[in-house]
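What you are looking at is a predicted structure, and each value in this text was computed from that prediction instead of being measured.
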Amino acid sequence: MSTPYRFDHNAFAKTLQTTYANLADGEETGAVVKVAGRVMLMRTQGKLAFATMRDSSGEIQLFALEAVTENFAGFADLHLGDWVGITGEVVRTKRGELSVKVAKWERLAEALHNFGDKWAGITDHDLRYRHREADLWANERTRTNLQRRSQVVRSVRERCWAADFVEVETPMLNAIATGASARPFTTHHNALDSDFFLRIAPELWLKRLVVGGFERVFELGRVFRNEGVSPRHNPEFTMLELYAAYWNVDDMMAFTEELVAGVAMDVLGTTEIEYQGRPLSLAAPWKRRTMAELASEAIGEEVSVHTPREHLAKLLEGRGVSVHASWGAGRCLSELFEDAAEADLWEPIFVTEHPVEISPLARRHQVDPELTERFESYCAGRELSNGFTELNDPVDQRSRFEEQARLAAAGDDEAMSIDEDYIKALEWGLPPTAGLGVGIDRLSMLIADEANIKEVIAFPTLKPIRD
RNA sequence: GCGCCGAUAGCUCAAUUGGCAGAGCAUUUGACUCUUAAUCAACAGGUUCCGGGUUCAAGUCCCGGUCGGCGCACCA
C-alpha cells in the first residue's frame, strides 16, 4: 500500500486542548484542522470509532462516524502505532472529550511492531536501550529525560554565549591521547597509514586557541574513554570544556556555581531539587573546602600532602585500599579523600588544593608548590566538574609530562604522554587562564533525577549481541 | 574484569516438590451510534535466551555461553 509523501499539518494536540479548553460537552466549533501523529489507542463501537492520537505536543481524541468519515471501515482497521494525518472539525463529545471529528484521514505510515502493553508499556531495559524509538512512545519518563537533556545543553550553550565565550571545535582524532588520565580508544586512518586515538579530552587544543588569541572559548562535545561501563559511566560522554584568559581558579568556581544553578533555573525553574528522594540545593554560592581538610575530618587525623608518604600509605592500607608503589604522598592523599570523604558529599561543594602529583596541567599553588590552584565540584556523592588555574610555564609543563612518562613506564596505562606541540604552544605564551570541565551527562542525571546514566543518553553504549 | 540477580507468546507477567506451557493486552474474526486501558464473543499465537548434561520426565536441577540490571574494580 502506497503512503503519502507529505501531509499539510496545521495544528497540534496541545494547542487544541488549550484553545478549546472551555468548549462545552457536545459542542462543535466549526473549525476544521489538520493534525498528525500516531494512533495510541483505538475504541471501536459499531458505527463509531474513537482513537487516541499522540503528536509531539500531547494527545487528542479522534472521533470517527460511519456517516461522516471517509472510508470509515479503513479507519476502524488502523493499527496501534500507525501514523495518521487527519482532517476534521474540532468538537467536544457528549462525554466531554475534546476531539477531531474525522472527515478525511490518511495512513502516513504503518507500524509493524506495537509499542508494548498499553498499560505497562515496555519495561525490559535491553529492549528500551536498543530500541529507544519504541521506548520513547512507550514511556513518558524517557521522553521527559531526553527533552530535559536537550534543555540542559541549550541552557549551557546560551549561558556560555552570554558570557562572551566563543564556541569552537577541536580534533577528535589525535596522534596522542592527552588532557586527562584515561585509557583511549584506538583507530586507524588508511590513507595516512597512521593510528589515531579518539580524544579523551579537548583540553590542550582549547588552550592552544587561547594562545592564539581566543580569550574565551568553549567546546561542548563527545569524549571517549576506554573504561568500564556502569550506571554512572558511558564509554562516550559529553563534556563542556571552557577556558577564560585572565581568570584564576576563584573566578572559575564562581562561574561554575552560577552556571549549574542557572541551568537548573532554566530547565526546572528552581535550584531546590530532589535527587533520588533526597533534597538538594544547587543554589550558589557553594561551600569551598580543601582536599586535605576533608580527608582529615573524614579519617579523624590531620593529614596533608606533607604527611610522610609511608604514613599515608599505612592509613590507606588500614582502610583496605591497596597502594601502588609509584604513588607519592599527593596521590595517597587524593586516594584517602576519595575513599573516606567523597561519597558523603551531598550538597554541592568545591574541593580545592589538589596535590600537584595528580594535577599535571594545573598551576602550582602560590603558597604551597606541592599543591595546585585546582577544584573539583562534588554533588550527590560524585564529581560534577573539574577546573583550575592553567599551568602556563612551558618548563614546568615539560617536567610534569616527564613525571607522567615515568608513571607510564612504571605501568600506569592512564598516564599522559609528552605533547611537544603543546609545550611549544606554551612557549608562544599562554596568558593567565582558568579552565573548567563539566560532565553534561552527570548534570543531566541531576536535573532528570535519574540514577543511571543510560537514562539520559538516547542510545547508550551496549554490548553487541553475538551468537 | 570479578560477584549477585534476571531472561517464558509481539508487550506485561504467571506456572506448587522436577509431572500436559497459561493469563491480560496487541494481532485475526464477529457484535455494538459517545468511547476513555471501552465492553462482549471466538480464533490464533511458543527454539521457555543459546549449547550441553542429569532424569521415565526439565521453564524448573547441574555445567558452559550470550545479553541486561545491581554491586565491586576502573573512572568523570
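- Among the heavy atoms of the strands, none lies under 4.0 Å from Gly439(A).
- Taking only side-chain nitrogens and oxygens, Lys454(A) comes nearer than 4.0 Å to OP1 or OP2 of rG69(B).
- We find that CZ of Arg225(A) is positioned 5 Å from P of rA76(B), with the value rounded to whole Å.
- As judged by a 4.0 angstrom heavy-atom cut-off over every strand, Glu97(A) is placed among the base-contacting residues.
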Discussion item. Run Phe388(A) and Thr372(A) through side chain to side chain contact (heavy atoms under 4.5 Å, CB included) and show every step you take.
Written reply: CA-CA 8 Å; Phe388(A) 37 85; Thr372(A) 56; 5.8 Å; no
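- In this structure, Leu48(A) reaches the bases: a heavy-atom distance under 4.0 Å links it to at least one base atom across the strands shown.
- Mapping Ala120(A) and Ser181(A) onto RNA chain B via the closest heavy atom, the residue that lands nearer the 5' end is Ala120(A).
- Lys463(A) places its NZ atom 11 Å from the P atom of rG65(B), with the value rounded to the nearest Å.
- In this structure, Asp126(A) atom CG and rU12(B) atom P are separated by 11 Å, rounded to whole Å.
- Following rounding to the nearest Å, Met40(A) (CE) and rA38(B) (P) show an atom-to-atom distance of 11 Å.
- Regarding contacts with the backbone of rU12(B), a side-chain N or O of Thr123(A) is found under 4.0 angstrom from either OP1 or OP2.
- For the OP1/OP2 pair of rC25(B) and a distance below 4.0 Å, the side-chain nitrogens and oxygens of Lys118(A) include no atom meeting the criterion.
- At the phosphate of rU33(B), neither OP1 nor OP2 sits under 4.0 Å from any side-chain N or O atom of Gln45(A).
- Using the Watson-Crick or G-U wobble rule with both distances under 3.5 Å, rA37(B) pairs with nothing in any strand shown.
- Note: Phe115(A) and Trp137(A) have tilted aromatic rings, judged against thresholds of 30 and 60 degrees for the angle between ring planes.
- With Thr69(A) contributing its side chain and Val102(A) its backbone, the two residues share a donor-acceptor pair below 3.5 Å.
- Within the shown strands, rC70(B) is the pairing partner of rG3(B) under the Watson-Crick or G-U definition, both distances less than 3.5 Å.
- At a threshold of 4.0 angstrom between heavy atoms, the contacts of Asn234(A) include nucleobase atoms, whether or not backbone atoms are also involved.
- His113(A) comes within 4.0 angstrom of no nucleic acid atom, judged by non-hydrogen atoms across all strands.
- For Arg130(A), a side-chain nitrogen or oxygen approaches OP1 or OP2 of rG68(B) to under 4.0 Å.
- Summarising the base pairing, rU55(B) is matched to no nucleotide, lacking a Watson-Crick or G-U wobble pair whose two defining distances lie under 3.5 Å.
- If you check rG22(B) for Watson-Crick or wobble pairing at under 3.5 angstrom, you find it paired to rC13(B).
- The nucleotide rG45(B) finds no pairing partner, because no Watson-Crick or G-U wobble arrangement with both distances shorter than 3.5 Å includes it.
- As rounded to whole Å, 15 Å separates atom P of rG6(B) from atom CG of Asp124(A).
- Annotation: rU16(B) and rU54(B) have their P atoms spaced 24 Å apart (nearest Å).
- In this structure, the CG atom of Leu436(A) is 13 Å from the C1' atom of rA76(B), given to the nearest Å.
- Looking at heavy-atom distances under 4.0 Å, Gln61(A) makes contact with a base.
- Within the 4.0 angstrom heavy-atom criterion, only backbone atoms of the sugar-phosphate kind lie near Leu462(A); the bases stay farther away.
- In a base pair of the Watson-Crick type (N1 to N3 plus N6-O4 or O6-N4) or a G-U wobble (N1-O2 and O6-N3), with each distance short of 3.5 Å, rG64(B) is matched with rC50(B).
- Stacking between Phe237(A) and the base of rA76(B) is present: ring centres sit under 5.5 Å apart and the planes differ by under 30 degrees.
- Across the P atoms, rU8(B) and rU60(B) are found 13 Å apart, a figure rounded to whole Å.
- Side-chain N/O atoms of Arg208(A) and Thr170(A) include no donor and acceptor closer than 3.5 Å.
- For Ser322(A) and rA73(B), the shortest distance from a side-chain N or O to OP1 or OP2 is not below 4.0 Å.
- Following rounding to the nearest Å, Asn114(A) (CG) and rU28(B) (P) show an atom-to-atom distance of 11 Å.
- Position along RNA chain B of the nearest nucleotide to Ala182(A) versus Asn452(A) favours Asn452(A) as the more 5'-ward residue.
- Within the 4.0 angstrom heavy-atom criterion, base atoms lie near Gly46(A).
- At a cut-off of 3.5 Å, with distance as the only test, a side-chain donor of Glu353(A) or His365(A) sits close to an acceptor on the other residue.
- Judged by distance alone, the side chain of Asp55(A) and the main-chain N or O of Ala13(A) form a donor-acceptor pair under 3.5 Å.
- Across the protein-nucleic acid pair, Tyr129(A) atom OH and rC70(B) atom P stand 6 Å apart, rounded to whole Å.
- Using a 4.0 Å cut-off between a side-chain N of Lys or Arg and a carboxylate O of Asp or Glu, Lys287(A) and Glu347(A) do not qualify as a salt bridge.
- Within the nucleic acid shown, Gly437(A) has no heavy atom closer than 4.0 Å to any nucleic acid atom.
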